[in-house]
Amino acid sequence: PSFLLRIPKADLHMHLDGSIRIPTLIDLAKQQNVALPSYDPDELKRTVFPEHYASLEEYLRGFGYITTVLRTPAALERVAYEVAADAYDNGVRYLEMRFAPQLHAIPCQFTIEQVICAVNRGLGRAAREADELDRLSGQTDVLDSLYNNDQSHDYSEETIDKLKRLSKGQHPYDPTAPPHHYGIIACAMRFFLPVFSPYYEAFWEVHKGEDPHRVFGLASVALVTAVNNLRRRGKCCCHGCDCGQCNDCIFGNSSHDNSSHGNENDDDEQTNASSSHGPHNEKHDYILPIVAIDIAGAESGYPASDHKEAFDLAHQSFLNKTVHAGEAYGPESIFSAITDLHAERIGHGCNLFKWNIIGEGMGRGGRSKSAKEKEEMSEDQKRAYVENLTRYLGTMRTCMEVCLSSNLQTMPELEGDLRKHPARKMIEEGLAVTFCTDNTLVSHTNMVRELTLAADAFDLTPGQMRNIVYNGFKRSFMAKRYRAKRDYNRRVISYYKAIEREFGFGGYGSDPGVDRVTEMS
């Protein structure tokens, strides 16, 4: 739908590995001699990345192949660039990319810091090229101008292909739109085995004989420590360069915003990510935009409390926290994310309202719970627990990162009908909800599709859609000073209103003559 393509969007929950392009996966596997079930794109999609999965385990199967080919700087930079470019092609203006650095790192060869910096280089390049496409979209005879001025060599082949499409079909690029920005979220793992990655294999070897849950927590502490070291240092130079301008540095100057959108006020308000731990530069973006820590993986049997030390450290370092919770466990998992891990956003949270499954699931370490553990609360107490939890989430504006396509694949109780999805009740309860892609490859989706599914399933009015889209920007962990983030969000609001007027919507705050978003699609 053209309206949903054109509006500015924020995707706060996207996994790098689960959003790789299939041709890229095949190409990298061939380069690195990694065995795949098939090297034919259609066959690989049918067997490993189908539209529907029989279980969460089957859903996760393909990630093993993906992470195996993402253990070099070039591979990670390439995939980060492509995933972000695909998002920007679908009208995403602000993107938070998450990944587990410890799945990609190799001891004594490819560090956590180098993993993050490789991803950042790819994300930065995609954002700069998208801003340039905004600028060029307002010009006529773009390609002729490029070639006549011999500027084509300044652009990648992919960008040239996009330029060719600017005059042929619908696209989201516009010279009046807000610039593209991104943040990096580092994921810890609730549970891991030595076979997950070379890093985890070495980590288990060092901590041989320790309680596994202690090992899980220590790995999270190691990740937060590495992230904080990077944020304090504020750059990714690996050879002692302090110039702040070389190609190995992150956002060595402020050219990202100024190249295509002029010298905006918000660009004058940016600071070094090291905050009080290091020097400022008021003219620069956060030099390395690591905006949050996350925890993902199996919920049942692997509680958030295992990682409390790591998230306390993140909290004390002013690092934001988002937590996968309530996806494969009951409401108490969401409660634990808030109380043990200081969660400011919740990934998925689909089981928020399921009071009847409180106490179900596996105990710590995958053991079966006793009858006494399951019956600790009466039905009335469980209902009250969920009501109080919901009220707290609403009062604190804890944002729910909802991923509809992904949930269709992992929640059999939906029976393929999104009208049964708890996001409907989240919206009715007034919670802060934003729709996200999760994994664009594994779930065969993009942000336009996610918003289309939401509009159709929940009969969203234009006003509801507007507020949900705004939630994505307001609840983001954008790597800017607060005043600059606020100014950026105002630009988003102004641009969104302009698109509404273009498509015949009423004034801001009212929707005369239009009952549903899909009527304008």
Side-chain angles (χ1 to χ4, degrees), residues 2-3 5-11 80-95 120-183 245 247 250-270 283-286 289 447-448 473 478-480 484-485 487-499 501-502:
S2 55
F3 173 72
L5 174 66
R6 292 282 308 284
I7 59 174
K9 295 172 284 292
D11 191 347
Y81 165 78
E82 291 178 350
V83 172
D86 290 343
Y88 297 147
D89 277 350
N90 280 280
V92 171
R93 290 281 154 180
Y94 177 75
L95 172 68
N120 186 72
R121 288 193 295 273
L123 295 177
R125 180 158 64 96
R128 291 190 294 273
E129 289 188 5
D131 282 351
E132 183 67 0
L133 288 173
D134 276 334
R135 186 183 70 81
L136 294 173
S137 68
Q139 300 179 6
T140 59
D141 301 324
V142 171
L143 285 174
D144 288 342
S145 173
L146 283 176
Y147 287 118
N148 290 338
N149 294 317
D150 195 27
Q151 295 176 331
S152 59
H153 63 276
D154 295 332
Y155 301 92
S156 66
E157 291 184 10
E158 183 161 3
T159 301
I160 294 296
D161 289 339
K162 288 180 182 178
L163 291 172
K164 292 177 180 177
R165 298 204 308 270
L166 287 179
S167 60
K168 293 182 180 180
Q170 295 180 350
H171 61 80
Y173 299 105
D174 190 300
T176 66
H180 298 82
H181 287 289
Y182 65 90
Q245 301 294 330
N247 291 333
I250 302 304
F251 287 125
N253 54 57
S254 57
S255 61
H256 166 52
D257 281 340
N258 295 342
S259 62
S260 59
H261 291 276
N263 187 15
E264 302 293 340
N265 290 334
D266 60 348
D267 298 323
D268 293 332
E269 296 294 334
Q270 297 152 4
K283 295 183 179 180
H284 293 175
D285 241 340
Y286 277 61
M447 273 302 295
V448 174
F473 290 95
M478 180 176 281
K480 287 178 176 287
K485 174 184 174 181
D487 290 344
Y488 179 82
N489 287 347
R490 285 174 176 168
R491 289 190 64 181
V492 169
I493 292 172
S494 296
Y495 185 67
Y496 193 111
K497 289 164 63 177
I499 300 299
R501 289 192 294 269
E502 181 181 332

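For this chain, numbers begin at 1 and follow the sequence in order. The structure displayed is predicted, hence computed values, not measured ones. Side chains included, hydrogens not; waters and symmetry mates left out as well; all remaining heavy atoms used.
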Find out whether Arg491 and Pro179 are in side-chain contact, i.e. whether some heavy atom of one side chain is under 4.5 Å from a heavy atom of the other. yes
NZ-CG distance between Lys9 and Leu95, expressed to the nearest 0.5 angstrom: 12.5 Å
Shortest non-hydrogen contact between Tyr81 and Arg125, atoms and distance: CG-NH2, 3.5 Å
With Tyr88 via side-chain hydrogen bond (donor to acceptor under 3.5 Å, both in side chains) - residues at least two apart: none
Taking all non-hydrogen atoms of both residues, which atom of Ala126 and which atom of Ala85 are closest, and how far apart? CB-N, 3.9 Å
For Tyr496, all residues meeting side-chain hydrogen bond (donor to acceptor under 3.5 Å, both in side chains), sequence neighbours excluded: none
Check Pro178 against Arg93 and note the closest heavy-atom contact, atom names and distance. O-NH1, 2.7 Å
Counting C-beta onward and ignoring hydrogens, is there a side-chain heavy-atom pair between Leu133 and His180 closer than 4.5 Å? no
Checking Asn489 now: which residues fulfil side-chain hydrogen bond (donor to acceptor under 3.5 Å, both in side chains) with it, not counting sequence neighbours? none
Go through the steps to decide whether Asp487 and Lys480 satisfy the test side chain to side chain contact (heavy atoms under 4.5 Å, CB included), and finish with yes or no. CA-CA 10 Å; Asp487 290 344; Lys480 287 178 176 287; over 6 Å; no
Here the gap from Met478 atom CE to Phe473 atom CZ, rounded to the nearest 0.5 Å, amounts to 7.5 Å
With a 4.5 Å limit on heavy-atom distance, are the side chains of Arg128 and Glu132 in contact? no
Distance col, row Asp134:CG vs His171:NE2, nearest 0.5 angstrom, shows 9.5 Å
Please give me the minimum heavy-atom distance between Pro172 and Tyr495, naming the atom from each residue. O-OH, 4.2 Å
Rounded to the nearest 0.5 Å, how far apart are CG of Leu5 and CD1 of Ile499? 9.5 Å
I need the Ile493 CD1 to Tyr488 OH distance, nearest 0.5 Å. 12.0 Å
Can you list everything that forms a side chain to side chain contact (heavy atoms under 4.5 Å, CB included) with Asp89? Sequence neighbours excluded, please. Lys162, Arg165, Tyr173
